[in-house]
Amino acid sequence: MKIAIIGGGFFGTFLAYQLGKTDDVTIFEQGTELMGRSALLSLCRLHSGARYPRDAISIAQAGTGYPRFLAEFAPYLRDVSRSTYGLRKEGHFTFAEFKRNLAALPVRYREVSAPPIFKNPDRYETFLEVEEKIILVEQLRTHLIGGMKAKVVFGAEAIEVNAIRGSVKFRDQTEQKFDRIINTTFTNPNLGLPLEIGFHFAYSIEAFVTIDSISKGTEGATVIDGKFVSLFPDAHARDTLASAVHRPVASPQNRMEFEDAWKRRVQICKDDKVLDKIIADAQTYFELGAVHDAKLLITPNVKQKTLHAGAASEVRAHAKVISIFCGNYASIYSVLDTIMPYLDKARR
């Protein structure tokens with residue numbers, strides 16, 4: 001079967017790697033490399049479901065995808081010796097609710113005493129140590145590309161998809177036809193979908209801060225109940241600081257506004273002193289001490305308006321188009337399991 005995959009982020013690259021084993025797959029990426037913009041500009045955090053305890057879909061996808069990700073990509077993951085979640089007493093939910101939400105899945109966690117990194121530990125109901133991994137994204141990218149049998153076309157921006165005809169029109173006005181088209185573009189998930197079944201989502205440009213690691217890249221700490229703040233090692237043995245309060249630095253209303261804001265992202269962050277604000281917020285919760293070599297990491301993001309509590313993936317299909325709203329890394333297996341019946345039906 002002849003399949004087009006639009007978008008060369010992690011989801012598109014993974015699916016091209018998997019589907020290219022059996023089908024004639026071509027992946028179209030408007031940039032100059034696979035897994036470039038969104039995949040590399042991320043926290044590279046693989047979690048088992050505990051990070052989004054209020055969203056049942058995110059819990060289910062991460063809880064079932066986490067062990068499959070470990071099994072397939074273990075050489076491209078690094079252990080975190082300790083990752084602790086703090087539940088504040090004045091937070092949005094209790095430990096009892098947390099346990100109830102995660103009870104149906106093998107999410108790995110245990111109660112622990114307060115780690116020294118947390119300030120004012122008496123303000124927390126409990127602390128939980130959870131199993132998480134760091135994704136070595138650059139090594140994973142090399143592995144996926146090296147084992148890929150799919151064809152890759154760079155500089156190919158899809159501007160129109162006809163789901164009935166199975167055709168993709170590109171910016172250079174060329175057009176190609178396929179048996180199935182899989183849209184994995186992170187910022188244009190409605191390409192090819194009719195309005196009535198399209199995703200309802202919001203654009204944002206978000207920022208994180210990377211600093212010299214406090215624990216030499218071995219320890220993570222997260223406040224998860226509304227005042228989401230985290231310190232987590234990255235793939236380069238540095239720490240990333242994330243703050244829900246200051247993470248969105250722009251909220252464009254449409255794709256044109258998004259692309260314009262993306263071009264101005266550095267100046268937007270500079271004008272609003274985003275780096276300083278994220279560090280100050282993190283210092284409210286964590287014992288960071290002196291922060292060294294702080295750098296801003298700016299990333300594009302889209303979020304479904306009905307799923308603000310989590311980062312789930314979702315698949316919608318129409319005629320010859322399968323469109324994917326891309327969530328967290330572990331949810332890729334939920335996506336794969338969902339799209340395979342569509343493809344199997346098309347092969348018959």
Side-chain angles (χ1 to χ4, degrees), residues 1-40 42 46 61 65 68-77 135-158 161-163 165-170 174-186 188-189 191-192 313-348:
M1 187 162 58
K2 190 176 180 182
I3 299 173
I5 296 178
I6 304 173
F10 169 68
F11 278 68
T13 303
F14 174 90
L15 292 175
Y17 172 83
Q18 297 288 356
L19 301 178
K21 298 172 183 177
T22 56
D23 293 289
D24 178 8
V25 176
T26 303
I27 181 169
F28 296 94
E29 164 57 37
Q30 67 174 324
T32 59
E33 60 181 346
L34 297 178
M35 291 177 62
R37 186 164 73 172
S38 298
L40 292 179
S42 71
L46 184 69
Q61 291 183 355
R68 293 171 68 179
F69 205 107
L70 291 185
E72 185 166 7
F73 299 123
Y76 314 105
L77 301 172
I135 303 172
L136 305 176
V137 177
E138 293 179 1
Q139 289 92 320
L140 177 59
R141 176 173 66 173
T142 299
H143 168 74
L144 292 175
I145 294 173
M148 185 185 298
K149 295 182 180 179
K151 297 183 287 291
V152 183
V153 180
F154 293 113
E157 181 183 358
V161 170
N162 187 311
R165 295 179 60 240
S167 63
V168 183
K169 187 176 182 179
F170 297 94
T174 59
E175 189 171 352
Q176 296 188 43
K177 293 185 67 175
F178 299 88
D179 298 309
R180 286 297 180 271
I181 300 164
I182 303 175
N183 175 21
T184 70
T185 55
F186 190 60
N188 196 11
L191 187 66
S313 291
E314 188 173 345
V315 176
R316 296 186 183 177
H318 172 66
K320 294 183 178 180
V321 168
I322 301 170
S323 189
I324 299 166
F325 193 95
C326 304
N328 66 77
Y329 280 98
S331 70
I332 186 63
Y333 291 97
S334 173
V335 169
L336 182 63
D337 292 345
T338 302
I339 70 173
M340 288 309 295
Y342 290 112
L343 300 178
D344 290 340
K345 183 178 180 180
R347 293 188 185 100
R348 292 198 290 269

Output the distance between atom NZ (Lys177) and atom OG (Ser167), rounded to the nearest 0.5 Å.
7.0 Å
Pairwise distance NE2(His143) to OG1(Thr13) - rounded to 0.5 angstrom
12.0 Å
Would you say that Leu144 contacts Phe10 through its side chain, given a criterion of any heavy-atom pair below 4.5 Å between the two side chains?
yes
Near Lys2 NZ, under 6.0 Å, is it more than 12 heavy atoms from other residues, nucleotides or ligands?
yes
Could you walk me through whether Leu15 and Val25 satisfy the side-chain contact (heavy atoms from CB on, under 4.5 Å) test, starting with their C-alpha distance in whole Å, then the side-chain angles of each, then the deciding distance to 0.1 Å, before giving a yes or no?
CA-CA 9 Å; Leu15 292 175; Val25 176; over 6 Å; no
Distance flag, aromatic centroids of Phe14 and Tyr333, threshold under 6.0 Å:
yes
Reported OG1-to-CD1 distance for the pair Thr184 and Ile332, which is rounded to 0.5 angstrom
8.5 Å
Close side-chain approach of Met35 to Val137, heavy-atom, < 4.5 Å
yes
CD1 on Ile324 to OG1 on Thr185, rounded to 0.5 Å
9.5 Å
Can you find a pair of side-chain heavy atoms, one from Tyr329 and one from Ile135, that are under 4.5 Å apart?
yes
Measuring only between side-chain heavy atoms, which start at C-beta, is Leu77 closer than 4.5 Å to Phe69?
yes
Which atom of Ala163 lies closest to which atom of Gly192, heavy atoms considered
CB-O, 3.7 Å
Measuring from Thr338:OG1 to Ile322:CD1, what's the distance to the nearest 0.5 Å?
10.0 Å
Flag side-chain contact, heavy atom, 4.5 Å: Ile6 against Ile182:
no
If we ignore hydrogens and angles and just use 3.5 Å, is the side chain of Arg141 paired with the main-chain N or O of Leu34 as donor and acceptor?
yes
Output yes when Lys169 and Glu157 qualify as a salt bridge under the 4.0 Å nitrogen-oxygen rule, no when they do not.
no
Between Ile3 and Thr26, is the side-chain contact (heavy atoms from CB on, under 4.5 Å) condition met? List the steps.
CA-CA 6 Å; Ile3 299 173; Thr26 303; over 6 Å; no
Can you see which heavy atom on Ala330 is nearest to which on Leu46, and at what distance?
CB-CD1, 3.8 Å
Hey, does Leu343 have a side-chain heavy atom less than 4.5 Å from the side chain of Met340?
yes
Does some side-chain heavy atom of Asn328 sit less than 4.5 Å from a side-chain heavy atom of Ser331?
yes
Applying side-chain contact (heavy atoms from CB on, under 4.5 Å), run through Asp337 and Arg68 and close with a yes or a no.
CA-CA 12 Å; Asp337 292 345; Arg68 293 171 68 179; 2.7 Å; yes
List the steps and the verdict of side-chain contact (heavy atoms from CB on, under 4.5 Å) for Thr22 and Lys149.
CA-CA 9 Å; Thr22 56; Lys149 295 182 180 179; over 6 Å; no
Which heavy atom of Ser334 sits nearest a heavy atom of Gln61, and at what distance?
OG-NE2, 3.5 Å
Quick one: do Lys151 and Asp24 make a salt bridge, cutoff under 4.0 Å?
yes
Roughly how far, to the nearest 0.5 Å, is CD of Gln18 from CE of Met148?
10.0 Å
When the ring centroid of Phe28 is compared with that of Phe170, is the distance short of 6.0 Å?
yes
Okay, side chain of Ser313, backbone of Val335: is any donor-acceptor separation there less than 3.5 Å?
no
Least distance between heavy atoms, Pro189 atom then Phe325 atom:
CG-CD1, 4.0 Å
Contact check, side chains of Met1 and Asp23, non-hydrogen atoms, under 4.5 Å:
yes
